[in-house]
J.: 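Quick one: the structure is below, and I'll ask about it shortly.
Counting convention: from 1, in listed order, for ligands and their atoms alike. FYI, the numbering just counts along the sequence from 1.
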Amino acid sequence: MTKTRPVFTIGVSTKMYFSYEKTLGYARAVAGLASSNPLVAGGLVELFVIPGYPAIPAVVEILAPSGVRVGAQDVSTDDSGALTGEVSAPMLGEIGCTLVEVGHAERRRLFGETEEVVQRKTAAALRNGLTPVLCVGEAARGSAAVAADEVIRQLRSALADAPAGSSVIVAYEPQWAIGAPEPAPAEHIIPVCTAVREALESDRRLADLRVIYGGSAGPGLLTVLAGAVDGLFLGRFAHDPAALGSILDEAAALL
Ligand SMILES: O=C[C@H](O)COP(=O)(O)O
């Protein structure tokens, strides 16, 4: 049977906001939303949740029956070795992750993740069958044209070692819009995401490409951006399951 390609991809990272128990409670609420939602069940809306590392196995157990994908917030550049504190892509796959965040702005800014590291982590995810949620975005607020150039440059660098047949979720997250009161304006997001898609659609190595927006995204934004993005990458404003439910309602109204 042919798998339906999702129209929308909606992901949530809990970052380091939640305790273990709160993460499990959130996962149970998301499982409830997903299992009662025909769009998720039918594959038209793809949902993913990215919890803290220790919660991943339990969250997989909770979410797997409802088809919600689970990811990790980071991954090692290497598949094994003397790398204390790192978590490898093979182990993430073993415990049920199907995707992994790479190059989030907080990793780049607070933990010194360079573009070379982002490139190696992207390659590690792809060679181990994990979809990278490749986070890119300009540091300072400026024109959409300048942002698009910078983001495309970051993507080309990150994908330098991507093999043929790669599935990638690009999360366009302007750094200045993360943790802010509001998302970037639609007049900024739409041209950047359009330019990203145009730049990458000729890349024959990419078997599947999704371009989603993150950075203070919340209810209402999908409706404003629909047609220009494949979905949203959510943080704080979807940590209340009711908010995620209302975003799923928006998706339903758009389909
Ligand atoms: O991982 C998600 C993004 O960084 C957005 O987070 P935020 O919506 O809390 O700004």
J.: Examine ligand 1 and decide if any of its atoms is less than 4.0 Å from a heavy atom belonging to F233.
T.: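 F233: in contact with ligand 1 (<4.0 Å).
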
J.: Considering only heavy atoms of S13, which atoms of ligand 1 have at least one such atom less than 4.0 Å away?
T.: 1 (O)

J.: Would a 4.5 Å heavy-atom cut-off, applied to side chains only, mark L126 and P163 as touching?
T.: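 When only atoms from C-beta onward are counted, P163 and L126 do touch, with a gap below 4.5 Å.
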
J.: Pick out which of R107, R108, R120 makes a salt bridge (Lys or Arg N to Asp or Glu O under 4.0 Å) with E113.
T.: R107

J.: Between R127 and D161, is the salt bridge (charged side-chain N to carboxylate O under 4.0 Å, His left out) condition met? List the steps.
T.: CA-CA 10 Å; R127 74 172 165 266; D161 295 329; over 6 Å; no

J.: Please verify the inter-ring angle class for Y172 with H188; under 30° counts as parallel, over 60° as perpendicular, anything in between as tilted.
T.: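 It falls in the parallel class, under 30°.
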
J.: So which protein heavy atom does atom 9 (O) of ligand 1 come closest to, and at what separation?
T.: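 Result for atom 9 (O) of ligand 1: R236 NE, 2.7 Å.
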
J.: Would you tell me whether E150 and Q154 have side-chain atoms, one donor and one acceptor, within less than 3.5 Å of each other?
T.: yes

J.: Does any N/O atom on L234 come nearer than 3.5 Å to any N/O atom on ligand 1?
T.: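 Such a contact does not occur with ligand 1.
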
J.: Checking F8 against L255 for the side chain to side chain contact (heavy atoms under 4.5 Å, CB included) test, could you report, in this order, the C-alpha distance in whole Å, the side-chain angles of both residues, the deciding distance, and whether it holds?
T.: CA-CA 9 Å; F8 292 120; L255 287 170; 4.0 Å; yes

J.: Does an N or O from E106, backbone or side chain, lie closer than 3.5 Å to an N or O of ligand 1?
T.: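 No - when backbone and side-chain N and O of E106 are compared with those of ligand 1, no distance drops under 3.5 Å.
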
J.: Considering the heavy atoms of I178, write down every atom of ligand 1 situated less than 4.0 Å from one of them.
T.: 4 (O), 10 (O)

J.: Which of the listed options, H104, Q175, E101, holds the heavy atom that is closest to atom 4 (O) of ligand 1?
T.: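 Among H104, Q175, E101, the closest heavy atom to atom 4 (O) of ligand 1 belongs to H104.
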
J.: Quick one: look up the protein heavy atom nearest atom 1 (O) of ligand 1 and list residue, atom name and how far away it is.
T.: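 Heavy-atom neighbour on the protein nearest atom 1 (O) of ligand 1: K15 CE, 3.3 Å.
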
J.: Tell me whether E173 has any N or O atom under 3.5 angstrom from an N or O of ligand 1.
T.: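 Looking only at distances, the answer is yes, because the N/O contact criterion of under 3.5 Å is met.
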
J.: Can T131 and R210 be said to form a side-chain hydrogen bond (donor to acceptor under 3.5 Å, both in side chains), step by step?
T.: CA-CA 11 Å; T131 305; R210 316 282 299 161; over 6 Å; no

J.: Taking all heavy atoms of V75 and all of S88, pick out the closest pair and write down the distance.
T.: CG2-C, 4.1 Å

J.: Is the closest heavy atom of S216 to ligand 1 under 4.0 Å?
T.: yes

J.: Among protein heavy atoms, which lies nearest atom 10 (O) of ligand 1, and at what distance?
T.: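 Of every protein heavy atom, G179 N, 2.7 Å lies nearest to atom 10 (O) of ligand 1.
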
